[in-house]
Amino acid sequence: MKMKKILILALAVVMAGSLAACGMGDVGGTQSAPNASSQAAVSSAVGSDNMEDSLAGLEKYLSSNSAISGTPAEMKADFIGAKKGAKYQFDYNGKNNVTVELYEFDTGSLSGEASAVLDEVKAKNQFTIMNQTVPAVISDSGKYIMIYKDTSGSDENKQHQEDVTKLFKAFKK
């Protein structure tokens, strides 16, 4: 078990150093960078107990569990009323086919835009921005939302998305 944790952590460090985010069509906008391939299985070998309850902690938790990989691009989070945002783009059974956007909200002081986005995601698992509907999921704590896009329709990729969503929802609930 200890060796498995070390192996997962080592893999996460190697992947974090070799991958980067890029792409367009996202909610908050980013800059492009090259990336590499990732096909590690998602596991919950690393718990969230020792992770900070912040976007950085969420990113570390998901990365440590092989749910996301690469170097994040900072997102313009205030666009949806969020406090902070990050975008990951990486390969999973394809080339540059997965995009994961993570946003942290200040639940103690929500703007009207933030409240509207969070309420819509809670009710419909999506929100509308600039006349576009964006599929999203909210964490069980209500503090984070995740936008997950995968251009591959394979069963393995769908399972990966389900696994990532479970990990995301359970963070700091």
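Keep in mind it's a predicted model, so treat the numbers as computed, not measured.
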Can you find a heavy atom in the side chain of Phe127 that is under 4.5 Å from one in the side chain of Ile145?
yes
With sequence neighbours excluded, residues passing side chain to side chain contact (heavy atoms under 4.5 Å, CB included) with Gln159:
Glu162, Asp163
Under 4.5 Å between any side-chain heavy atoms of Phe105 and Val117, yes or no?
yes
Inter- and intrachain pairs under ring-ring contact (aromatic ring centres under 6.0 Å, His included), touching residues 129-153, at least two apart:
Tyr144-Phe171
Between Lys143 (side chain) and Asp53 (backbone), is there a donor-acceptor pair under 3.5 Å?
yes
With side chains defined as the heavy atoms from C-beta onward, is the minimum distance between Asn97 and Asn157 less than 4.5 Å?
yes
Gln126: which residues meet the side chain to side chain donor-acceptor pair (under 3.5 Å) condition with it, sequence neighbours left out?
none
If you look only at pairs with a residue in residues 123-134, which of them pass as a salt bridge (Lys or Arg N to Asp or Glu O under 4.0 Å), with sequence neighbours excluded?
none
Residue pairs passing the salt bridge (Lys or Arg N to Asp or Glu O under 4.0 Å) test where at least one lies in residues 107-116, sequence neighbours excluded
none
Please check if the side chain of Glu104 supplies one atom and the backbone of Leu55 the other of a donor-acceptor pair under 3.5 Å.
yes
In chain order, what residues pass the side chain to side chain donor-acceptor pair (under 3.5 Å) check against Ser141, with sequence neighbours excluded?
Ser139
Qualifying residues under side chain to side chain donor-acceptor pair (under 3.5 Å), relative to Asn125, sequence neighbours excluded:
none
Only counting residues at least two apart or in another chain, list the ones meeting side chain to side chain contact (heavy atoms under 4.5 Å, CB included) with Lys169.
Val137, Asp140, Thr165
With sequence neighbours left out, write down each residue that passes side chain to side chain donor-acceptor pair (under 3.5 Å) with Glu59, or none if nothing qualifies.
Tyr88
Tabulate below the donor-acceptor pairs under 3.5 Å that side-chain atoms of residues 77-85 make, not counting sequence neighbours, or state none.
none

Looking at side-chain heavy atoms only, is the closest gap between Val164 and Met146 below 4.5 Å?
yes
